[in-house]
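Proteins come first, then strands; the chains are lettered A, B, ... in the order of their sequence lines, and each starts at number 1.
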Amino acid sequence: MAMQPEAIGQNLLDWYAAHQRRLPWRETSDPWAIWISEVMLQQTQVATAIPYYHRFMHRFPTPRHLAGANVQEVLKLWEGLGYYSRARHLHRAAGVVVSRYHGQVPDDPAIFRTLPGVGDYIAAAVLSIAFGRVIAVVDGNVKRVLARLFELEHPVNRSGSHKFFQPLADRLITPHQPADFNQAMMELGALVCRPKNPDCGHCPLFGLCRANRNRTTADYPRRDAARKRPHRHLAIGVIVKEDKLLVVQRPMDGFLGGLWEFPAIPAMPGENADRAIETELADEIGLRIGMDRLLTRIRHAYTHFTLSADVYLCRYLSGRIRLKRAQSHRWVTFRSLQRLPLHKANHKFLEDLKNVLGKG
DNA sequence: AAATCGTGGAC
DNA sequence: TGTCCAAGATT
């Protein structure tokens, strides 16, 4: 493969110096700030992460601030950003940094890489950008750029492809400017070598790119076909007891771990709602409840399945809480709901709920 | 090594 | 509407 690493690196660095965006985490060299930004940017677009980054850094300016906080508060700041294990891992990692490394972010790859939530990408990004270590990042942008540059046949969404892309990126990285090279590759992928409608006319690697020369940019990167996503349906119960509503907290590990929600059970779309709510949902939380009426229906798309749910207004009848799956519960007013981290599917009917409760 | 894990933007 | 996919990590 005709690589010309020197030409690629120099063109890339020149382009980056002229065209890089001004981003909050580029105004600092604090490894903690860089780390936070990289975790938030994981599978998340820059524009989405920016307001979260500011709020998080303001509340947790150092690992010590985060380590001393309650997970609940951390999840509340993460609410809406998704992939909540990132927040829980970060919280745990901050604890390790404080207890074992005197609150200083480790600059040793072998050590930093062992922290919860730190994989190959985060380690390479933080250590190169904050400490100048010569380790190439390989993210979705880098794989797309390389796949087009060299017309690579490795599917970028296949886990086994990583061990092909990583050494290739390591061979291209400019040893004197690893931080700029890494960010330049990602910036190029984000601004020029985009997934759709790449702007090859303004690409610094125009003359070096095989896909451009062969008019095959649309064929790269290769990708394994995605599986079809299944569909799930829930019955959700908003259980009212005087002026309070019942919410439960999901188990800390797994899907939406640690977040709060209104109790729900799997259901069939056409199922008899009264029966399902008053037997199965009641059994899930250990109460006797009555179903009043349908509040609304919601739909939500997750990565691996789509969700639809019927949301029912219910009334508490009798009994003491006995939770099956949830780890804890609270009776809360509508107002105090906003203090708890709720996931998106629940936020989707809060307005409807507010209107109904407001009318008495 | 394939599956799992959220949400929003772009088309 | 559906589909991709976005500065990935974990199991």
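Looking at residues 120-148 of chain A, you'll see Asp120(A), Tyr121(A), Ile122(A), Asp139(A), Gly140(A), Asn141(A), Arg144(A) sit with a heavy atom under 4.0 Å from some atom of DNA chain C. Listed in residue order, the members of residues 44-58 of chain A having a heavy atom less than 4.0 Å from DNA chain B are Thr44(A), Gln45(A). Sorted by residue number, the list of members of residues 247-262 of chain A with any non-hydrogen atom under 4.0 Å from DNA chain C is empty. Within residues 16-26 of chain A, no residue has any heavy atom under 4.0 Å from DNA chain B.
Between Lys76(A) and Glu73(A) there is no salt bridge, since none of the side-chain N atoms of the basic residue sits less than 4.0 Å from a carboxylate O of the acidic one.
Cation-pi geometry between Arg148(A) and Phe150(A) is not satisfied (NZ or CZ under 6.0 Å from the ring centre, within 45° of the ring normal).
Ring planes of Phe349(A) and Phe262(A): tilted class, angle from 30 to 60°.
If Val118(A) and Ser37(A) are placed on DNA chain C by their nearest nucleotide, the residue sitting closer to the 5' end is Ser37(A). Between Asp224(A) and Gln43(A), the residue anchored nearer the 5' end of DNA chain B, judged by the nucleotide with its closest heavy atom, is Asp224(A). Position along DNA chain B of the nearest nucleotide to Arg158(A) versus Gln42(A) favours Arg158(A) as the more 5'-ward residue.
Rounded to an integer number of Å, the gap from OH of Tyr83(A) to P of dG8(C) is 10 Å. Put simply, CG on Leu90(A) is 16 Å from C1' on dT10(C), counting in whole angstrom units. Between the CZ atom of Phe112(A) and the C1' atom of dG8(C) there is a distance of 14 Å, rounded to whole Å. Between the P atom of dA2(B) and the CZ atom of Arg229(A) lies a distance of 20 Å, rounded to the nearest Å. Rounded to whole angstrom, the span from the CZ atom of Arg86(A) across to the P atom of dA6(C) amounts to 15 Å. Between the NE2 atom of His154(A) and the C1' atom of dA1(B) there is a distance of 16 Å, given to the nearest Å. In this structure, Trp78(A) atom CH2 and dC5(B) atom P are separated by 18 Å, rounded to whole Å. One atom, CG of Leu41(A), and another, P of dA9(C), lie 12 Å apart when rounded to the nearest Å.
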Taking distance alone, no hydrogens or angles, what donor-acceptor pairs closer than 3.5 Å link side-chain atoms of residues 276-287 of chain A to residues at least two apart or in another chain?
| residue | atom | partner | partner atom | Å |
| --- | --- | --- | --- | --- |
| Glu278(A) | OE2 | Met291(A) | N | 2.8 |
| Thr279(A) | OG1 | Arg275(A) | O | 2.6 |
| Glu280(A) | OE2 | Arg275(A) | NH2 | 3.2 |
| Asp283(A) | OD2 | Lys324(A) | NZ | 2.5 |

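Considering only side-chain N and O atoms, Tyr302(A) lies nowhere under 4.0 angstrom from the phosphate OP1 or OP2 of dT4(B). An OP1 or OP2 oxygen of dA9(C) is reached within less than 4.0 angstrom by no side-chain nitrogen or oxygen of Arg92(A). Dashed line: the shortest gap from a side-chain N or O of Ser159(A) to OP1 or OP2 of dA2(B) is under 4.0 Å. Listed pair Lys344(A) / dG8(B) meets the phosphate criterion, a side-chain N or O lying under 4.0 Å from OP1 or OP2. Regarding contacts with the backbone of dT1(C), every side-chain N or O of Arg299(A) stays at 4.0 angstrom or more from both OP1 and OP2.
Nucleotides dG8(B) and dA9(C) place their P atoms 22 Å apart, quoted to the nearest Å. Spacing of C1' atoms, dG8(C) relative to dA1(B), comes out at 16 Å, to the nearest Å. With both ends at atom C1', the span from dA3(B) to dA7(C) equals 22 Å, rounded to whole Å. dC5(B) and dC5(C) have their C1' atoms separated by 15 Å, given to the nearest Å.
Of the listed nucleotides (dA7(C), dT4(B), dT10(C)), dT10(C) has the atom at the smallest distance from the side chain of His89(A). When distances run from any side-chain atom of Tyr84(A) to the nucleotides dT7(B), dT4(B), dC11(B), the shortest one goes to dT7(B). Checking dT7(B), dC5(B), dC4(C) against every side-chain atom of His300(A), the shortest atom distance belongs to dT7(B).
For His300(A), the ring pair (Phe, Tyr, Trp, His ring centres under 6.0 Å) criterion is met by Tyr302(A), not counting sequence neighbours.
Heavy atoms of other residues, nucleotides or ligands lying less than 6.0 angstrom from CZ of Arg325(A) number 12 at most. Residue Arg335(A) places its CZ atom among 12 or fewer non-hydrogen atoms of other residues, nucleotides or ligands, all under 6.0 Å distant. Around the CD atom of Glu242(A), the shell of radius 6.0 Å holds no more than 12 heavy atoms that belong to other residues, nucleotides or ligands. Within a 6.0 Å radius of CZ in Arg229(A), other residues, nucleotides and ligands contribute more than 12 heavy atoms.
When heavy atoms are screened at a 4.0 angstrom cut-off, Val39(A) is found touching no nucleic acid atom at all. Across all strands shown, Gly160(A) has no heavy atoms under 4.0 Å from either base or sugar-phosphate atoms. Residue-level contact check: Gly80(A) touches the backbone only, with heavy atoms under 4.0 Å from sugar-phosphate atoms and none from bases.
Between Phe56(A) and Met40(A), the shortest heavy-atom distance links the atoms CB-CE, 3.5 Å.
No side-chain N or O of Asn355(A) forms a donor-acceptor pair with one of Glu351(A) less than 3.5 Å apart. Residues Gln42(A) and Tyr121(A) bring no donor and acceptor atom of their side chains to less than 3.5 Å of each other. No side-chain N or O of His19(A) forms a donor-acceptor pair with one of Glu187(A) less than 3.5 Å apart. Inspection of the Glu151(A) and Asn214(A) side chains reveals an N or O donor paired with an N or O acceptor under 3.5 Å.
With hydrogens and angles disregarded, a donor-acceptor distance shorter than 3.5 Å links the side chain of Arg113(A) to the backbone of Val118(A).
Two rings, from Phe131(A) and Phe112(A), have their centers 6.0 Å or more apart.
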